[in-house]
Amino acid sequence: MNRRVLLTGLLRLTARLSLPVAHAGGAALGWLSWRIPNPMRRVAARNLALAFPEMAASARDRLLRDNLVETGKLVLELGPLWLWPGARVLALAQGSVVGEEALAEVARRKRGAILLTPHLGAWEMAGLYYSSRYPLAILYRPSRLGLDPLSVRGRGRLGGQVVATDARGVRALLTALRHGEILGILPDQDPGPESSVFAPFFGIAASTMTLVSRLVLKTGVPVFLTWAERLPRGRGYALHLRVLPEVTTATTLETSAAALNRGVEAAVRTLPTQYLWIYKRFKTRPPGESKLY
């Protein structure tokens, strides 16, 4: 059995679970990953040490435990979020989204906007929520796990247009902006030395994508940041939305990228347990700097 078939089968299996059961199972897996040494735990521990050097070691270990528990929930909620009927997924959004009026007004006037969804909380839930309400073009990086057909269908089934991070996809994004649509972009991946600048993130020079800043400098559209906070005991998600005016008003790629990272960092500091610390965010280093992992 190849990897794609196995992973697809696991996603379909977890989609048969209720969200409380999926999150309970994910929490157990995450707790085991904290107790048993493994590469995922090592990367998360390293990132937390880099991001929170002032924190006591015992407090950082508690944060590491809680974060790996949330990461386990993240894994097991993918099946439900990608495969459940749309109405069932949208029913998981708890309460109103503070600040959504500004995004709704931009959409009504067809001005175009960029909606940043960092790896915080349940970003798949955030994408589904907004794509059900606004014309949304969602950018994704093709995976090596063979799950792209399933993920593209899952992410786009409530109305979003899902485009890959290639030249055709970037052209589609620019066209969507010019038509007054909203772009959904994950802003905190390490793009490597190409198409990036170094900007501070938790006080560390981080390779930061320039795509958002280039689009903003070209079009002047407003930039929003959103995340879906995972609520305890599988009760659903609370969505948060902020405007990042400094990304739009910046006049250079460097200042725009720095403003973007400040916005993401401020959001992460409100919910550090639910950030994807297992990702090697600081893998690419400036010339002459030693590796951090």
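If you read the sequence from its start, that first residue is 1, and numbering goes on from there.
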In short, L68 meets A44 closest at the heavy-atom pair CD2-CB, 4.3 Å
When rounded to the nearest 0.5 Å, the distance separating CG of L241 from OG1 of T226 is 5.0 Å
Applying side-chain contact (heavy atoms from CB on, under 4.5 Å) to L211 and V170, what does each step give before you reach the verdict? CA-CA 9 Å; L211 174 61; V170 173; 4.1 Å; yes
By side chain to side chain donor-acceptor pair (under 3.5 Å), R230 pairs with (sequence neighbours left out) E70, E77
Side chain D66, main chain T273, donor-acceptor under 3.5 Å: no
R16, CZ: over 12 other non-hydrogen atoms inside 6.0 angstrom | no
For Y134, the side chain to side chain donor-acceptor pair (under 3.5 Å) test, sequence neighbours excluded, returns E100
Looking only at heavy atoms, the pair that brings L78 and E124 closest together is CD2-CG, 3.7 Å
In terms of heavy-atom contacts, P187 and V264 come closest through CG-CG2, 4.0 Å
Rounded to the nearest 0.5 Å, the CG atom of L139 sits from the CE atom of M209 at a distance of 6.5 Å
Note: G220 and T248 closest approach over all heavy atoms is O-CG2, 3.6 Å
*Is there a donor-acceptor pair closer than 3.5 Å between any side-chain N or O of N47 and the backbone N or O of Y279?*
yes
Verify same cluster id: V268, F282 (apolar side-chain graph, 4.5 Å): yes
Heavy-atom closest pair (F198 atom, T284 atom, distance to 0.1 Å) is CE2-O, 3.5 Å
Check: Quick one: does P80's side chain get under 4.5 Å of T14's, heavy atoms only?
Finding: yes
So CG of L183 and CD1 of I138: to nearest 0.5 Å the spacing works out to 10.5 Å
Residues passing the salt bridge (Lys or Arg N to Asp or Glu O under 4.0 Å) test with R269, sequence neighbours excluded, are E265
(Q) What verdict does the side-chain contact (heavy atoms from CB on, under 4.5 Å) test give for K218 and L174, after you've listed the backbone C-alpha separation in whole Å, the side-chain angles of each residue and the deciding distance to 0.1 Å? (A) CA-CA 9 Å; K218 185 182 291 287; L174 189 55; 3.8 Å; yes
query = Does W31 use its side chain to pair, donor to acceptor, with the backbone of G72 at less than 3.5 Å?
reply = no
Do S256 side-chain atoms and L253 backbone N/O form a donor-acceptor pair below 3.5 Å? no
- prompt: Is there a path from V98 to V243 through hydrophobic residues (I, L, V, M, F, W, Y) whose side chains come within less than 4.5 Å of each other?
  reply: no
Scanning both residues in full, the closest heavy-atom pair of T208 with A257 reads CG2-CB, 4.0 Å
message = Could you check whether any side-chain N or O of S207 sits under 3.5 Å from a backbone N or O of D190, counting only pairs where one atom can act as donor and the other as acceptor?
response = no
Review point. Does the side-chain contact (heavy atoms from CB on, under 4.5 Å) test come out yes or no for L215 and V221, once each step is laid out?
Key: CA-CA 8 Å; L215 290 171; V221 297; over 6 Å; no
Notebook entry, point to check: Once the angle between the rings of F202 and F52 is folded into 0 to 90°, is it parallel (under 30°), tilted (30 to 60°) or perpendicular (over 60°)?
Noted result: perpendicular
- Query: Any sub-3.5 Å donor-acceptor pair from R153's side-chain atoms to W82's backbone N or O?
  - Reply: no
Those residues at least two apart in sequence (or on a different chain) that pass side chain to side chain donor-acceptor pair (under 3.5 Å) with W34 are D61
Under 3.5 Å side-chain donor-acceptor pair for S151 and Y140: no
OH (Y293) and CZ (R46) are apart, to the nearest 0.5 Å, by 8.0 Å
Point to revise | Path from W227 to L63 over hydrophobic side-chain contacts below 4.5 Å | key: yes
Applying a strict under-4.5 Å side-chain criterion to I, L, V, M, F, W and Y, I'd like to know whether L103 and I185 cluster together. no
Do Y237 and L231 land in one hydrophobic cluster if side-chain heavy atoms of ILVMFWY residues count as linked below 4.5 Å? no
Indicate every side-chain donor-acceptor pair of residues 110-120 with a distance under 3.5 Å to a residue at least two apart or in another chain.
| from | atom 1 | to | atom 2 | distance (Å) |
| --- | --- | --- | --- | --- |
| H119 | ND1 | D188 | OD1 | 2.7 |

Contacts satisfying ring-ring contact (aromatic ring centres under 6.0 Å, His included) that involve residues 150-197 (not counting sequence neighbours) are none
- Task: Kindly say whether M55 contributes a backbone atom to a donor-acceptor pair with the side chain of R60 at under 3.5 angstrom?
- Result: yes
Practice task
Check whether any side-chain heavy atom of L48 lies under 4.5 Å from a side-chain heavy atom of Y275, and answer yes or no.
Solution key: no
Inset, instruction - Without swapping roles, check the side chain of S131 against the backbone of G159 for a donor-acceptor pair under 3.5 Å. - result: no
Query - More than 12 heavy atoms of other groups within 6.0 Å of E229 CD - result: yes
Is it the case that the side chain of R157 and the backbone of W84 share a donor-acceptor pair, with hydrogens and angles ignored and the cut-off at 3.5 Å? yes
* Would you find a donor on one side and an acceptor on the other, under 3.5 Å apart, between the side chain of Y130 and the backbone of G160? -> no
Yes or no on side-chain contact (heavy atoms from CB on, under 4.5 Å) for L260 and L244, after CA distance, side-chain angles and deciding distance? CA-CA 8 Å; L260 185 157; L244 300 183; 5.6 Å; no
